[in-house]
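Remarks on the structure that follows.
Just the heavy atoms: all of them, side chains too, but no hydrogens, waters or symmetry mates, feed the values below. Every chain is numbered from 1 and lettered A, B, ... according to where its sequence line falls, protein lines coming before strand lines. Only a predicted model underlies this, so the values are computations on that prediction, with no experimental measurement involved.
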Number of protein chains: 2
Amino acid sequence: MESTTLILRALANEKRMKIMNWIVDPLAHFPKQIDGDLIDDGVCVGHITDKIKLKQPTVTSHMKILEEAGLVTSKKIKNWVFYKPDKKVLSKFIDDLSHLSQ
Amino acid sequence: MESTTLILRALANEKRMKIMNWIVDPLAHFPKQIDGDLIDDGVCVGHITDKIKLKQPTVTSHMKILEEAGLVTSKKIKNWVFYKPDKKVLSKFIDDLSHLSQ
DNA sequence: AACCTATATAGTAAGTTATCTATATTGATG
DNA sequence: CATCAATATAGATAACTTACTATATAGGTT
């Protein structure tokens, strides 16, 4: 599938969009973490699960969809997995879309 | 549903994205029409159907999804229906998205 | 009025998505 | 090494999406 379409499908879900909005500004939306820096490493699945009020496997599945679209990257530290946005992918995506309005 | 999500869902389909890309630059993608100006009135369902190679009811359904998302407006002339993009909605949408990459 | 043409609607089948529960895995720690 | 905590995987199900065919409707045109 085309990369823009993959991203659009990933974002075309209110729960995933919420998560993206949260993790692009993690300091504003999540508590400080003991392991894993909110900015440098990202936000752990547990915190996202608490905030979005879905079950953990459901969140894991949403995060995989965001990751497969390239919107986030993940890093494992101990037994946490931290997700953070890939701003480069995001800005290219928005750039690609913008021809529609010109 | 939130308006951004409605738009994302409408665009998260390769066929509809193709159609949008075509109708934002109709002169480049469609033949001149006898009734209905490509720019002022939009592109008729028949021309889109020919180009996308889907059946007419399928195209009508895709166009309704784009219209319900606010991405296009429609105008009936005789027994044609012409669709053209709503550039204002498109640019607001892109604007709303862009905070993700900042 | 009958007919033709463009689009709309109805109904359906196949595929995909979103969510859950139950369980497995992985890695740290007492 | 047994246990606990965090995440992953499997499997089920309900809802939604995409496409089709068949048919209806609406408006010109002969």
Rounding to a whole Å, what distance do you find between [X]:[atom1] and [N]:[atom2]?
X: I34(A); N: dA28(C); atom1: CD1; atom2: P; result: 15 Å
X: M1(B); N: dA15(D); atom1: CE; atom2: P; result: 16 Å
X: I52(A); N: dT7(D); atom1: CD1; atom2: P; result: 15 Å
X: W80(A); N: dA8(D); atom1: CH2; atom2: P; result: 14 Å
X: I48(A); N: dA6(D); atom1: CD1; atom2: P; result: 14 Å

* Scan residues 24-32 of chain B against DNA chain D and write down, sorted by residue number, each residue with any heavy atom closer than 4.0 Å; if none is found, say none. => none
* **Flag side-chain contact, heavy atom, 4.5 Å: F93(B) against L100(A)** => no
* Are M20(A) and V72(A) side-chain neighbours, meaning at least one heavy-atom pair lies under 4.5 Å? -> yes
Straight-line distance of [X] [atom1] to [Y] [atom2], nearest 0.5 Å:
X: N13(A); Y: L8(A); atom1: CG; atom2: CG; value: 13.0 Å
X: L66(A); Y: L6(A); atom1: CG; atom2: CG; value: 11.0 Å
X: I7(B); Y: K92(B); atom1: CD1; atom2: NZ; value: 7.5 Å
X: S91(A); Y: D95(A); atom1: OG; atom2: CG; value: 7.0 Å

* To do: Could you check D35(A), D41(A), V45(A) and say which one makes a side-chain contact (heavy atoms from CB on, under 4.5 Å) with W80(A)?
  => D35(A)
* Taking only the side-chain nitrogens and oxygens of T60(A), find out if one of them lies under 4.0 Å from OP1 or OP2 of dA8(D). => yes
* Asked: Does a nitrogen or oxygen in the side chain of K76(B) sit under 4.0 Å from OP1 or OP2 of dA8(C)?
  -> no
* Asked: Ignoring hydrogens and angles, are the base of dA5(D) and the side chain of N79(A) linked by a donor-acceptor pair under 3.5 Å?
  -> yes
* Asked: So which nucleotide from dA8(D), dT7(D), dA8(C) ends up closest to the side chain of C44(A)?
  -> dT7(D)
Expected rows: protein N/O vs nucleotides 18-22 of chain C N/O, under 3.5 Å:
from, atom 1, to, atom 2, distance (Å)
dA18(C), OP1, N13(A), ND2, 2.8
dA18(C), OP1, R16(A), NH2, 3.4
dA18(C), OP2, R16(A), NH1, 2.9
dT19(C), OP1, K15(A), NZ, 2.8
dT19(C), OP2, H62(A), NE2, 2.4
dC20(C), OP2, K55(A), N, 3.0
dC20(C), OP2, T58(A), OG1, 2.9

* Asked: Would the number of heavy atoms belonging to other residues, nucleotides or ligands and lying under 6.0 Å from NZ of K51(B) be above 12?
  -> yes
